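Okay, so here's the structure we're looking at.
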Amino acid sequence: MGIKTTRWDSAEFLKTEEDIQLYLEACIEEAGDDPAFIVQALGVIARAKNMSQLARDTGLTREGLYKALSPDGNPTFSTVAKVAKALGLQITVAVPHKDTSQNNFLRLP
C-alpha cells in the first residue's frame, strides 16, 4: 500500500492580516534573488483574499491575474504594484542593517 498525500495550498492557511504579513516576509526572505518566488507568493495571497475582488480592485481581468501571478507568469512592475496596493500591502525598499556585533576590531579593556 502506497503513501496517500494531499495537495498543500498555503492560501487555505492565510486567515488574518498577520498570517499574510508573516507569510510574505518569509517568502521574501526565502526568495533570495528569485523575484518569481515573490510574485507567486502574491498569487497565493490573492487567492486567499478573493481573486475576483482583486480583479475588480485592480481593473485587471481575473484570468490575467491568475496568469501574471502564476509560477510561469512574468508581470510588469506596474501589475505587481497594483496587486500589492489592492491587497493592502506597501512596497518599500530598505538598506539592510549591518551586524556590528561581529566585527574584526580588536577591543581593549
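Everything quoted here is computed from the prediction, not taken from an experiment.
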Under the salt bridge (Lys or Arg N to Asp or Glu O under 4.0 Å) test, which residues partner D9, sequence neighbours left out? R47
Restricting to side chain to side chain contact (heavy atoms under 4.5 Å, CB included), what partner residues turn up for Q21, sequence neighbours left out? E25
Enumerate the residue pairs fulfilling ring-ring contact (aromatic ring centres under 6.0 Å, His included) with a member in residues 36-78, sequence neighbours excluded, ordered by first and then second residue. none
Of all heavy-atom pairs linking L65 and V83, the shortest is CD2-CG2, 3.7 Å
Using the test side chain to side chain contact (heavy atoms under 4.5 Å, CB included), find all partners of A84 that sit at least two apart in sequence or belong to another chain. L89, I91
Who passes side chain to side chain donor-acceptor pair (under 3.5 Å) against D19, sequence neighbours left out? T16
Tell me the closest heavy-atom pair linking P75 and A68, and the distance in Å. CD-O, 3.3 Å
Applying ring pair (Phe, Tyr, Trp, His ring centres under 6.0 Å), name anything that partners F13, two or more places apart in sequence or on another chain. W8
Where is the tightest heavy-atom contact between A41 and Y23, given as atom of each residue plus distance? O-CE2, 3.8 Å
E30: which residues meet the salt bridge (Lys or Arg N to Asp or Glu O under 4.0 Å) condition with it, sequence neighbours left out? none
Could you work out, with side chain to side chain donor-acceptor pair (under 3.5 Å) as the rule, every residue matching R62, not counting sequence neighbours? none
Side-chain heavy-atom pair N50, L54 within 4.5 angstrom cut-off: no
Pair listing, side-chain hydrogen bond (donor to acceptor under 3.5 Å, both in side chains) test, anchored in residues 79-89, at least two apart: T76-T79
Taking I45 as the starting point, is it possible to reach I28 by hopping between hydrophobic residues whose side chains are less than 4.5 Å apart? yes
Residue set satisfying side chain to side chain contact (heavy atoms under 4.5 Å, CB included) with N74, at least two apart, ordered chain then number -> none
